[in-house]
Structure formats: C-alpha cells, structure tokens
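I have placed the structure first, in the form of structure tokens, so that the comments after it can refer back to it.
The basis for the numbers below is simple: all heavy atoms, side chains too, and nothing from hydrogens, waters or symmetry mates.
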Amino acid sequence: MKVDRELVRHLEILARLTLTEEEEMKMIKDMNDILAYVEKIGELDLHGVEPTYTVVEARTVLRKDEVRKGLAQKMALANVPAKKGNFIKVSSIQG
Amino acid sequence: MKMRNDYKIVIGLEIHAQLLTKTKMFCGCSTEYSFDDPNTNVCPVCMGMPGALPITNEQAIRFGVKAALALNCRVNLYSRFDRKNYFYPDLPKGYQISQYKYPLAEHGYLPIETPNGEKKVRIRRLHLEEDAGKLIHQSDKIDTAEYSLVDLNRAGIPLAEIVTEPDMASPREARIFMEKLRNILRYIDVCNGNLEEGSLRCDANISLVDPETGRSTPRIEVKNINSFKFVEHALEYEANRLRRFFEGDKDVVRETRGWDSKLQMTISQRGKEEENDYRYFPEPDIPPIVLREEFIEEIKGELPELPDAKKKRFMQMYNIPEYDASILVSSKELANFFEECCAKYDKPKIVSNWIMTEVLRELKERGVEINETKITSKHLVELLKEIDKGTISANTAKSVLERAFETGEMPNEIVEKQGLKQISNADEIRKIVQKVVEENPKVVAQYRGGKTKAMAFFIGQVMKVTRGKANPKMVNQLVKEALESPEE
Ligand SMILES: [Zn+2]
C-alpha cells in the first residue's frame, strides 16, 4: 500500500479536516514511513495461521444489566470545549 | 410519452430497534433519558474518554438472541464486535461499536400477509450495536454562526439492527412487514416499537426493474421514515420518482434521500454522506461473544406465543373468524384483553365484535394501547352482561363505554348515575305507544292503508319520548300490536 495525495485527501474528507499542502506532504511522508515499518511483519510466513482478532483470551465476558452511577453532569461536561446549558456545543456539520 | 407502470419494485429494509435493557450496551449507565436534562446518564465509556473499557451487557445479548429466534434466524455461536469508523459529533469515540463480519444471527425470515396471499420476507442478518447521541441543530439562518447541541444520554443504548433481503415488492408490503416486525418485538418485550419517538427506526432501499429488459434503476436509500404511514408514503413517492429514470431523467442517481413529512416528498441528502468508507476493523477491547447451544435453547424456551400462533389458537379455541383473530393479535395488550374478557364472558364473538368496533375506535382516538386506558376486562364484561340482562340497550351501552373510557367508572355506576336504565316494563312502554298512536291518527291511517313503513315513525317517536331508553325489541312488538289491533 502506498500513501499518496489522493489517499490523504480522501482521509481528510473522512476525518472532516482540511490540511494545508505542506501538511499533506508531511502526512504522506509520515504515513508511508509508518507503513514501511509495519510491513516488516509481512516477511513472516503466516501460512495456515489463524488471524488474531483479540489479545484477550477468547472467553465471553458479559456484564449484568444493572445500573451503575456514571459521571455527575458537571464532571461529564467539565472538559468539553464548548457548552450551551447542559449540552455540548459543536460547530454545525450541516451543509 | 406514456408512463409505464409495470416496473417491478424492489424494496429492502434496515431496521434499528432500541432494546429495552436497563443499562447501555457497553456500560452501566441507565438507558432512561429525557432531552430536558441532557448528559446525565453518561460515563467515560459512553462519552468515549480514552482508556475506558467497554463491557458487553448480557441482557442485550439475550434480547438480541430472542429477537433473532422470533424472526427465525440462525443464531451464530460465535459473533464479534467491530469498529465502524466515521466522524460525527453525536459519536464521541469517532467510531460506532457494531457487528460487521460476524453478526449475532443470520438467515431468518418473517411471513407476512399481503393482498396477494402469504409471503416470506427473508432476514439477511440481525446484529447488535450501540446508538449514537442526540444532535440538535440550531439556527437555520445562513448568515449566523451555526452550531449543534449534543446530548450523550442516548449514546451507547443497545440497538438490534435487522436487515432484510430485498423481498418486498410494494410500499404496502414494506408497511405490512414493519407493522408485523414491530408487533413481534413488542410481543417478546425487547423493544417498545415507537417509530415516532425513534425507539424503532426504518431505512429503506428501493429500486425499480424493467421486466422486459432487466434494466434496473440506481438504488435509493430512504431515511427519516418515522411512522408506519410514512413507510408507505415515502416509498410510493420514491417509486414514482424512480420511474422517470427509464425515460432518461438524469437526476435519478444512486443516493441517500430523506423523507420530509411536511413536504410529503423525499429530499436528496447528497453531500451529507458522499463518502461511505467505514474502515471496519475488529474491536480489540471486547472479546468475541461465544454462546452455548443450551443458552440459545433456554431463550427459545422463554419465547412467548407469537402473533401467528396466537391467531391460529384464537380461531380454534374461540371459534372466531380469521379476520377477527388477526385484528385481535395485532397488539399483545389487545389479545390479552380479549382473553381476559372471554374468561369471564362466554360469547367470544360478541367480545370480539365490541373490541373491533367500539374499543378500537376509542383506542385509535386516544392513540393508546388498551392497558394505557382506564378500561379493564371487568368493564367490558359487565357492560355485555347488562345488555344480555336487558338493563341497557346496545346503543346505550356504546355511550356507557365511552363514558367508562373517560372516567374509569364501572358501567353499572354510569347507568345508575345517568339514569340510563332501559325501560323493559311492558305496561310502561305500552302507555307511551298508546299516546303516540292517539296523537298521530293520520299516520295510523297511512299505516293501515298499507304504508307499512310508517311503523318506523312510531318507533322513533317512542324512542324520542323515552330518550332512547325503551327496550327496542319491546317497542317494536308493542307498536306493531297497537297498529294492528282493531280500533276500539
Ligand atoms: Zn456510560
């Protein structure tokens, strides 16, 4: 897999980000470096090895349907960048 | 050019059902929420804070399995969660935990009654996922800074997503399917099935095929369908719009459209979702769900009698027509009400007649289920017994029932208080008949001259005098007697 300008632009749309040309160039380089590093693993012969989906032992862990107190409203909203009343305020994603 | 209307309509549905668990899918936060008090049932897990660990709700798995079994699905002993990645402010983690590659259940079906007979709609899959938060858009003006408000109380509520095969051949069939699905989910107590409030949601895929050439229109996804009526309206609108494709309309392209119930049309949501690239990958924080056969058998054993089976039993046990039975089982509460009445009153067809007319009309007017009214089976049974005894006429009984719906008073009380008791005393009625006959010699003459229809006039007069309380059978008989007896 090769990261190019087209792919980065696609990811910008998905992530709802707009990068400058300079940032895009940096992103292309960084991501290609990361992929090259990870691709090392491709050298292994994994023929016949089942994919690992989880490092947790394959045992079902379930929780009883009992209410547990979560965060107090004030705490929950303590770190949000913007509020209105007790809502989290975000810039509109319409249009 | 004349529009052809022999195109084949192909409809598939994607339904999201909020499960009636006490807590959310992956955290212990309560699923109760009201928009008046936002962000109160939240925790680090459902707010997507780093380092939080989701743990699957056992009851959500049970409800999912229950729904799957009721929809004749094969439950997979191995299923798994994946991350569906997209950015939207109502999705705090930047991904939704869903099931993609290994869903909880597959290969089901639901038989529906269509105008052309019974038909099986295949269920492709049923999987579990978490709901997103609630987003409220503020200000529609373009010149002011727009923003949205987020409430995460809904974020993380368990959803069962049910995907059908494209087996429905008309908007009507899609509606019938949705109504039946809702009924089943309510029978098994896993979802309250409220389309208007969004606890049950329906998206539809629709396309048209030209049977001569095999050519197909692009597929349209229709969203925002929040009532059963709109399932039909939105798809009818869309089917008509799609026909234009075969006449070369270039505006008909593959896209997502939203139903606007005010404008009664679908509107393109192009741009909103131009990119559907969810980059699913396995959720590393949640171990796979491995179920035992015994667990599934146990849940199978918990399944209540489902609408189709109940309908058959009603027809046999109570000897009522299929039409009656299918209406009675169309709501679990109504079916229970019918059976409670029949346990105390031994004429099922009469009970059924009253439920299908008077009771259902009241329920429709009030927009409620029978268990949400002040009426119990005791009310209806008492009413029917009073009619049998002749204390009140069937007509009076209707207004007594109306009153009982309003106040919850027992029928006897209402009859007593409002003096509605039927006059069944022959002497009393005879006196009134006599008087009416004496006061209208001309009409008597007409009757005796062969105009037998004049009898209705006398009956009407007697009823008027008694304010509808006279026993109609007796009035009939006594009027006839009086008119036909030789003149004194
Ligand atoms: Zn939570």
Cation over ring face, B:K84 and B:Y280, 6.0 Å, 45° | no
May I ask you to decide whether A:E66 forms a salt bridge with A:K64, counting only side-chain N to carboxylate O separations under 4.0 Å?
-> no
Heavy-atom side-chain contact between B:L159 and B:L19 under 4.5 Å = no
When rounded to the nearest 0.5 angstrom, what is the spacing between OG1 in B:T56 and CD1 in B:I97?
-> 8.0 Å
Is it the side chain or the backbone of B:F26 that comes within 4.5 Å of chain A heavy atoms, both, or neither?
-> backbone
When heavy-atom pairs shorter than 4.5 Å are enumerated against chain A, which of B:M47, B:R80, B:Q59 gives the highest number?
-> B:R80
At a heavy-atom separation under 4.5 Å, does A:L17 approach chain B through its side chain, its backbone, both, or neither?
-> neither
When B:I55, B:V42, B:N57 are compared by non-hydrogen pairs under 4.5 Å with chain A, the top option | B:N57
Looking at B:A70 and B:I188, what are the two nearest heavy atoms and their distance?
-> CB-CD1, 4.0 Å
Checking B:Y102 against chain A: side chain, backbone, both or neither under 4.5 Å from a heavy atom?
-> side chain
Could you check if a side-chain atom of B:L291 sits within less than 4.5 angstrom of a side-chain atom of B:L104, using non-hydrogen atoms only?
-> yes
Which residues in residues 19-37 of chain A have a heavy atom less than 4.5 Å from any heavy atom of chain B?
-> none
Do B:E283 and B:R83 sit within salt-bridge range, that is, some charged N less than 4.0 Å from a carboxylate O?
-> yes
Among residues 67-82 of chain A, which ones touch chain B with a heavy-atom distance under 4.5 Å?
-> A:V67, A:R68, A:G70, A:L71, A:Q73, A:A76, A:L77
Side chains of B:I61 and B:F295 in contact at under 4.5 Å (non-hydrogen atoms) = yes
How far does OG of B:S148 sit from NZ of A:K89, to the nearest 0.5 angstrom?
-> 10.5 Å
Would you mind checking which part of B:C46 comes under 4.5 Å of any heavy atom in chain A, side chain (CB onward), backbone (N, CA, C, O), both or neither?
-> neither
Aromatic B:Y95 / basic B:K93 pairing, under 6.0 angstrom, 45° off normal = yes
Compare all side-chain heavy atoms of A:L14 with those of B:Y86 and state whether any distance is below 4.5 angstrom.
-> no
Segment of B:N39 engaging chain A (4.5 angstrom heavy-atom cut-off) = both
Do the non-hydrogen side-chain atoms of B:F81 and B:D285 ever get within less than 4.5 Å of each other?
-> no
Going by an N to O cut-off under 4.0 Å, is there a salt bridge joining B:D82 and B:R279?
-> no
Between chain B and each of A:I88, A:L62, A:N86, count heavy-atom pairs under 4.5 Å; write down the option with the most.
-> A:I88
